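Down below is the structure, laid out as structure tokens.
Ligands are counted one by one from 1 in listed order, and the atoms in each one are counted from 1 as well. Bear in mind the structure is a predicted one, so any value in this text is a computation, not a measurement. All residue numbers in this chain count up from 1 along the given sequence.
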Amino acid sequence: MMNIVILAGSNRKEATSTRLSEYIQALMVQKGKQVQLIDLYQTPVPFYSPDEGYHNHPGLANLKKSMLEADAIVLATPEYHSSISGVLKNALDHLSKDHFGGKVVLSVSSSGGAIAVSSLTQLQTIVRNLHGINCPEWISIGGDQRKSFSTPVAETIQPDVEKRVKHVVDAFLQLAGQMSKTKAH
Ligand SMILES: Cc1cc2nc3c(=O)[nH]c(=O)nc-3n(C[C@H](O)[C@H](O)[C@H](O)COP(=O)(O)O)c2cc1C
């Protein structure tokens with residue numbers, strides 16, 4: 001069974017990017033996928049330092065193990081200063097191409113302004129650097145679209161947002177499925 005990890009990179013309890021991540025997780029579970037959501041607010045990882053081994057940090061050990069075992073990955077971030085959150089960047093600094101190499105990666109962002117393209121572009125640059133395969137689709141929710149994720153179960157989701165998210169999730173799963181078939185041969 002395809003194993004997907006969603007890494008939610010907001011440090012905010014009510015984060016719309018995290019609630020969107022939960023919605024994406026639910027859509028994927030409906031399609032029979034095994035999906036683990038790692039919320040960096042709930043399970044923070046220490047500041048990265050090349051001098052440290054972090055042998056006894058359970059949150060970090062779990063993050064590394066899960067990312068290693070993932071067949072495909074979703075990265076979700078709030079748009080901060082036209083970039084990704086420091087929390088997500090710090091988590092990614094702990095990881096390498098061992099965790100991302102050859103895997104399809106979907107980028108997701110939430111912004112105060114209309115679109116979150118700046119952080120999404122930068123996230124795709126990081127994914128490329130980690131030898132991941134950027135999904136050609138991405139998800140940006142901005143401005144009032146964030147109201148779709150003002151409740152934990154997306155009860156208030158707007159029809160256009162729902163359509164877009166479902167479309168992108170389907171495209172991501174299709175590409176991830178094709179890539180894992182290629183790897184099996
Ligand atoms: C430090 C900081 C920087 C931000 N920078 C931007 C920005 O550059 N562009 C933007 O549209 N929104 C910006 N925002 C607004 C956030 O993108 C917005 O609150 C978003 O919903 C956060 O995602 P979250 O709901 O997942 O926490 C910023 C917010 C903070 C706290």
Report the nearest protein non-hydrogen atom to [atom]: residue, atom name, distance rounded to 0.1 Å.
| atom | value |
| --- | --- |
| atom 27 (O) of ligand 1 | R12 NE, 3.0 Å |
| atom 15 (C) of ligand 1 | G112 N, 3.7 Å |
| atom 8 (O) of ligand 1 | S82 N, 2.9 Å |
| atom 19 (O) of ligand 1 | R146 NH1, 3.4 Å |
| atom 11 (O) of ligand 1 | G113 N, 2.8 Å |
| atom 14 (N) of ligand 1 | E79 O, 3.3 Å |
| atom 22 (C) of ligand 1 | P78 CB, 3.5 Å |

What do you reckon, is CZ of R128 surrounded by more than 12 foreign heavy atoms closer than 6.0 Å? no
Give the contacting part of [X] toward ligand 1: side chain, backbone, both or neither, where contact means a heavy-atom distance below 4.0 Å.
| X | answer |
| --- | --- |
| E14 | neither |
| H81 | both |
| S17 | both |

Within the distance-only criterion (no hydrogens, no angle test), does the side chain of S85 pair as donor or acceptor with the backbone N or O of G9 below 3.5 angstrom? yes
Is any side-chain N of the basic residue among [X] and [Y] closer than 4.0 Å to the acidic one's carboxylate O?
| X | Y | value |
| --- | --- | --- |
| D93 | K89 | yes |
| K147 | D144 | yes |
| D98 | K64 | no |

Taking the inter-plane angle between the rings of Y48 and H94 on a 0 to 90° scale, is it parallel (under 30°), tilted (30 to 60°) or perpendicular (over 60°)? perpendicular
Decide whether I73 and V168 are clustered together by the hydrophobic rule: side chain heavy atoms of Ile, Leu, Val, Met, Phe, Trp, Tyr closer than 4.5 Å, transitively. no
Is it the case that one hydrophobic cluster holds both L37 and L95, taking links as side-chain heavy atoms less than 4.5 Å apart, direct or via other members? no
Pairs of nitrogen or oxygen atoms closer than 3.5 Å, one from Y80 and one from ligand 1: do any exist? no
